[in-house]
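This report refers to the structure that appears directly beneath it.
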Amino acid sequence: MSDYRPQELERKWQQRWTSSRVFEVTEDQSRPKFYCLEMFAYPSGHAHMGHVRNYSIGDALARMKRMRGYNVLHPFGWDAFGLPAENAAIKNGVHPEASTRGNIAHMKGQLQRLGISYAWGRELATCDSEYYKWNQWLFIRMFERGLAYRRRSSVNWCPSCNTVLANEQVVDGGCWRCGTPVEIRELEQWFFRITAYADELLDQTTTLTHWPEKVLTMQRNWIGRSEGARVKFALEARIPDPGSPIPASIEVFTTRIDTIYGATFVLLAPEHPLVGSLAERSTDPASFRRQVQAFRTQDRAARISGDIEKQGFDTGFRAVNPFTNQQVPVWIANFVLGEYGTGAVMAVPAHDERDFDFARKFNLPIRVVVTPDGRPVPAEELSEATVAYGTLVDSGPYSGLPSAEAQKQMVAFARERGLGEATVQYRLKDWGISRQRYWGTPIPMIYCEKDGIVAVPDDQLPVVLPQVAQFTGRGDSPLAQVPEFVNVSCPKCGGAARRETDTMDTFVDSSWYFYRFADPRNDKMAFDPAAVKYWLPVDFYVGGIEHAILHLIYSRFFARVFRDIGMVDHDEPFTHLLTQGMVLKDGVVMSKSKGNVVDPDAMMQKYGADALRLYVMFVAPPEKEVEWTDAGLEGSFRFLARVWRLVDHWCETVGGEGVGSADGCDSLNAAERALRRKTHDTIRRVTIDIEERQQLNTAVSAMMELVNELYSFSDQTVTGGPAHRVDEDVDHAGAFERRETICVVREALETLVRILSPFAPHMAEEMWEKLGHATTLAAATWPAYDPDVAKAEEIVVPVQVNGKVRSRLTVPAEVSEQELERLALIDPAIQTYTAGKTVKKVVVARGRLVSVVVQ
RNA sequence: GCGGAAGUGGCGGAAUUGGCAGACGCGCUAGCCUCAGGAGCUAGUGGCCGCAAGGCCAUCGGGGUUCGAGUCCCCGCUUCCGCACCA
């Protein structure tokens, strides 16, 4: 008898897996491939429970699929560039490269102790020039195609991180990383034209049938397509014209052109390009500018704290509603967004809540032009805006038309007259990728006085990140401090030029790493298209919901870019997405600042990696949040110890080479048949739970049931089952004379060990060995389920009378419906309820239930 | 406000197509074993009534469909998540 001591045996099997290279793969055409991927890790220094859960889930699937005969690619890597390493450098002077390498080494050790079946031979880190060289290569391809471009723009600036943020990285008005309120700055920036793919990214969400609905919804909302029209409102010519000419009209964007007869004023965003000219020509330019400035500064800060009051002022200028030909006042309003649509809107107070509030506050006219039934309603009767579609009233020739039809005709009219046209607006904006930081991929561009913006020639890639000794945290790009980096000769004219000193957003790195895993050591190209064609798309991708927008939309964008430059032949990179829930402690996310972190290393030290893995999969379905409890982990440990004792008890008796089966035994007694049935039914349940449902918690439950059954079987079979043997240490081997018992138990144990191996691989290997197998379990075959064996011979069928269960019939599984009905009606317990009453109806659900209705 | 998901014992959670609600585990109770137990084994564990057999009530609340509803439909409540002045 030996006790379950996970630590030693886990080390043993980890070493064997490494030395036998069982998890390394090639493009084996003879087997179906399966690409199982967990989101790679930022090397923060320590793996946390979220990592443990993420990788345990992925590993269970990878190991199971491998045993099912798939050629499984299961790689891991490091999202190694990023701000924390650089901020640490500013604080304590350790170079980001050094701290990152150290963190990777430590975390890799942790993951190896967890026993995740990674193909470590394919490991990559994005901070290696062998990797980021291809970021640069791809950037240049995008530049050539107009998908990467440079422009001056207002950008989100985090004053704490001292760098720019993409729109996707601004959360509640603050930095996604540190929460500091975001400021607006004007900078020259590089952008990726993700909007060129907006429609495709939106439309193809419908093809992602194995993605969580929640993620698709979030992406759809983020892209935010809305169909409408741009319409020009002519500016009144009465504007005095000292100085520069100004546009003759204001273009507005609207989704409700059918309400244009109710457009009684025009609103401009404080950022609208026309504002300067209007100020200049206004009666009091100084006051005009002061008010605009107040709105501009107010905007961001106010948005963080929540609602802001609607404010605005009359510019004094007038525009003409092109449908009514009436003059309407032009106001500037703090709630109109400069970056959406045209930065100008036609205000229809009767049919838009915001415009209604604004009109009421400033006493502007309201006109009702759409009603549910086409009957006019006086504006005075409105207590709030009516936003719904209906029938037009007081709308000239369009009166009486339904909204939808009116929209069509009005757009057509506007187009004919050159007043406007149908257009589509997106909430999605181009992806700003310039970062004024050091620890990232240098943008491979050169600025020449003569030739302008010039790409670094391919044969000069990579542009290697230079060594920088001092990290000051000042707001400018650290690379600008390195003259030998900055000063280059122009690749075109050879004259003096300077390099771009910004680096790329690290989300660029993570947008295509899953392709690189297919061919990670290629030094001629980003990846061999043939290797990617074999492995991609990723069959199963596991990661946190926090990447629902950022990473997952950028990756879908990059897949299309690679497709359009001819390197991949699919549209979508991830077939099946599983977003695992967070691991909480005391109801909140574990974090150092809250002091509620449970350290995976400590848990592995105490209970072993297998128990930890099993626990995080058993505690709840993968996508749910879970609350960490030590007691739960102990329970999982106890279960493994229970399995251990069971196998320990039986192994000498039933062990042997080759996988055993009870197929040949045809003289099984009832207990043996029952155990076989449970064994095969467990295979069925666990297989479906992992492969089809990813419901890992119920897979574990099923195995626990089998173990419970094996214990009772042992108790029935021999005096002193495994329980007693612990203390008595008696050799019972001689007690088993029945060959059938040995066959059935062996089949059950070999099944159990194999289906448990995706969850507790080390212990499963050890038990597999104890059962007499010389080859590694990691490469063993998943047990086959025999439906005939799993089928019960006898079933218990409940019988209801008027909806309440009154009796149970034990009948042969093959029993007919007629026979079931007959048996139910003659059952004494049922007859006590039917006596003296009329049986109105009997419903038989074959194999499930009999329902008798009496009156 | 808009959009999404979900409400089941003391707790985490089960329940194929509408078919025995509460699998499995945690916790708790009792017994056995033990020098000891934070080990192991056995049994019990939704509520109420009952000595018992058994009965009644129970899946957020209220209606409905059905022989039969946690599951389907309608109304309402609550919670969580995402977006949020996007015209």
Side-chain angles (χ1 to χ4, degrees), chain A residues 3 171-172 212-222 224-226 228 252-256 259 263 267 269 299 302-303 306-310 333-337 339-342 344-348 351-355 357-358 387 425-427 545 548-549 615 618-621 623-627 629-636 638-639 641-642 645 685 688 692-693 695 697-705 707-708 711-712 715 720-728 796-805 808 840-854:
Chain A
D3 287 340
V171 179
D172 292 335
E213 196 52 42
K214 177 179 181 159
V215 173
L216 296 177
T217 304
M218 285 168 73
Q219 291 212 353
R220 287 176 190 133
N221 289 344
W222 188 262
R225 180 187 157 102
S226 69
V252 303
F253 173 72
T254 178
T255 55
R256 292 297 303 271
T259 64
L267 296 173
D299 211 15
R303 221 174 264 170
D307 289 8
I308 55 170
E309 208 193 332
K310 287 183 177 48
N334 63 343
F335 66 91
V336 178
L337 304 172
E339 70 269 20
Y340 184 77
T342 58
V345 297
M346 63 178 209
V348 186
H351 306 295
D352 182 284
E353 288 174 37
R354 298 156 296 181
D355 298 345
D357 293 346
F358 197 80
V387 183
Q425 279 299 324
Y426 299 94
R427 193 181 167 281
I545 186 75
I549 308 229
Y615 167 63
F618 176 59
V619 67
E623 63 281 358
K624 279 208 66 163
E625 272 184 356
V626 298
E627 170 71 22
T629 62
D630 286 3
L633 175 56
E634 275 178 47
S636 292
R638 277 204 294 271
F639 169 68
R642 202 164 138 80
R645 287 192 304 273
R685 287 169 63 188
I688 292 172
E692 293 175 24
R693 306 203 306 160
Q695 183 126 329
N697 55 329
T698 48
V700 177
S701 300
M703 291 186 275
M704 287 172 168
E705 284 183 46
V707 169
N708 291 345
Y711 265 76
S712 25
D715 283 346
H724 301 96
R725 195 158 165 217
V726 173
D727 309 308
E728 294 166 15
V796 177
V797 178
V799 182
Q800 297 182 339
V801 179
N802 287 353
K804 294 203 188 307
V805 177
R808 292 186 168 79
K840 282 186 64 184
K841 190 174 182 182
V842 180
V843 180
V844 180
R846 212 170 91 86
R848 290 183 182 274
L849 163 143
V850 180
S851 181
V852 180
V853 187
V854 300

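Everything numeric here is computed off the predicted structure, so don't read it as measured data. Per chain, numbering begins at 1; letters A, B, ... match sequence-line order. Values below: all heavy atoms of this structure, side chains included; hydrogens, waters and symmetry mates excluded.
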**Prompt:** Taking the nucleotide of RNA chain B with the closest heavy atom to each, which residue, A:Pro798 or A:Val853, is nearer the 5' end?
**Reply:** A:Pro798

**Request:** Sort out for me which residue in A:Thr259, A:Leu267, A:Asp355 forms a side chain to side chain contact (heavy atoms under 4.5 Å, CB included) with A:Met346.
**Result:** A:Thr259

**Item:** Under 3.5 Å donor-acceptor pair, A:Arg808 side-chain atoms to B:C20 base atoms
**Value:** yes

**Asked** What is the pairing partner of B:G25, taking Watson-Crick or G-U wobble pairs with both distances under 3.5 Å in any strand?
**Response** B:C11

Any protein N or O atoms within reach of nucleotides 16-19 of chain B? Criterion: under 3.5 Å, listing atom names and distances.
{"from": "B:U17", "atom 1": "O4", "to": "A:Arg848", "atom 2": "NH2", "distance (Å)": "2.5"}

**Fill in**
chi for B:G9 classified (syn = within 90 degrees of 0, anti otherwise) as syn

**Item:** Complementary nucleotide for B:C56 - Watson-Crick or wobble, under 3.5 Å
**Value:** B:G47

**Asked** If we take the C1' atom in both B:G70 and B:A21, what is their distance in whole Å?
**Response** 7 Å

**Request:** Please identify each residue that fulfils ring pair (Phe, Tyr, Trp, His ring centres under 6.0 Å) with A:Phe618, with sequence neighbours left out.
**Result:** none

**Item:** Pairing partner of B:G18 (Watson-Crick or G-U wobble, both distances under 3.5 Å)
**Value:** none

**Message:** With a 4.0 Å limit, can you tell me whether A:Gln695 has a side-chain N or O closer than that to the phosphate oxygens OP1/OP2 of B:A15?
**Reply:** yes

**Request:** Could you work out the separation of B:G9 and B:U59 based on their P atoms and round it to a whole Å?
**Result:** 10 Å

**Item:** Any A:Tyr426 side-chain nitrogen or oxygen under 4.0 Å from OP1 or OP2 of B:C86
**Value:** no

**Residue list, side-chain hydrogen bond (donor to acceptor under 3.5 Å, both in side chains) with A:Tyr340, at least two apart or on another chain** = A:Ser226

**Asked** Can you tell me how far C1' of B:G82 sits from CZ of A:Arg427, to the nearest Å?
**Response** 10 Å

**Request:** Verify the contact: side-chain N or O of A:Lys624 to OP1 or OP2 of B:G12, cut-off strictly under 4.0 Å; return yes or no.
**Result:** no

Please produce a list of atom pairs where a protein N or O lies less than 3.5 Å from an N or O of nucleotides 55-57 of chain B.
{"from": "B:G55", "atom 1": "OP1", "to": "A:Arg806", "atom 2": "NH1", "distance (Å)": "3.3"}
{"from": "B:G55", "atom 1": "OP1", "to": "A:Tyr833", "atom 2": "OH", "distance (Å)": "3.2"}
{"from": "B:C56", "atom 1": "OP1", "to": "A:Arg806", "atom 2": "NH2", "distance (Å)": "3.2"}
{"from": "B:C57", "atom 1": "OP2", "to": "A:Lys804", "atom 2": "NZ", "distance (Å)": "3.4"}

**Request:** Please tell me which of the listed nucleotides, B:G82, B:G13, B:C20, lies nearest to the side chain of A:Pro621?
**Result:** B:G13

**Asked** Just checking A:Val626: base, sugar-phosphate only, or nothing, at a heavy-atom cut-off of under 4.0 Å?
**Response** nothing

**Request:** If a protein heavy atom is under 4.0 Å from the base, mark B; if only from the sugar-phosphate, S; if neither, -; do that for nucleotides 22-32 of chain B going 5' to 3'.
**Result:** -BBSSS-----

**Asked** Got a donor-acceptor pair under 3.5 Å from the side chain of A:Arg354 to the base of B:A87?
**Response** yes

**Prompt:** So which nucleotide from B:G3, B:C67, B:A87 ends up closest to the side chain of A:Thr217?
**Reply:** B:G3

**Request:** For A:Glu353, enumerate each residue passing the salt bridge (Lys or Arg N to Asp or Glu O under 4.0 Å) test, keeping only those at least two apart in sequence or located in another chain.
**Result:** none

**Request:** Using the C1' atoms only, state how far B:G47 lies from B:G10, rounded to an integer number of Å.
**Result:** 13 Å

**Item:** Any-strand Watson-Crick or G-U partner of B:A30, both distances under 3.5 Å
**Value:** B:U42

**Asked** Would you say a side-chain N or O of A:Lys841 is under 4.0 Å from OP1 or OP2 of B:C67?
**Response** yes

**Message:** Need the pair for B:C35. Rule: Watson-Crick or G-U wobble, both distances under 3.5 Å, any strand; none if unpaired.
**Reply:** none

**A:Arg427-A:Asn221 side chain donor-acceptor pair, cut-off 3.5 Å** = no

**Prompt:** Paired with B:G3: which nucleotide, if any, by Watson-Crick or G-U wobble criteria at under 3.5 Å for both distances?
**Reply:** B:C81

**Prompt:** Taking the six-membered ring of A:Phe335 as reference, does the NZ or CZ atom of A:Lys310 fall below 6.0 Å from its centre and within a 45° cone about the axis?
**Reply:** yes

**Message:** Going by purine N1 to pyrimidine N3 plus the second Watson-Crick contact, or the G-U wobble pair, all under 3.5 Å, which nucleotide sits opposite B:A69?
**Reply:** none

**Prompt:** Which one is paired to B:A87, where only Watson-Crick or G-U wobble pairs with both distances under 3.5 angstrom count?
**Reply:** none

**Request:** Determine the Euclidean distance between corresponding C1' atoms of B:G18 and B:C67; express it in Å to zero decimal places.
**Result:** 12 Å

**Closest-nucleotide 5' rank along RNA chain B - winner of A:Val619 and A:Trp222** = A:Val619

**Request:** With heavy atoms under 4.0 Å as the rule, sort A:Lys840 into base, sugar-phosphate or nothing.
**Result:** nothing

**Request:** Please round to the nearest 0.5 Å and tell me the distance separating atom CG of A:Asp352 and atom CZ of A:Arg256.
**Result:** 9.5 Å

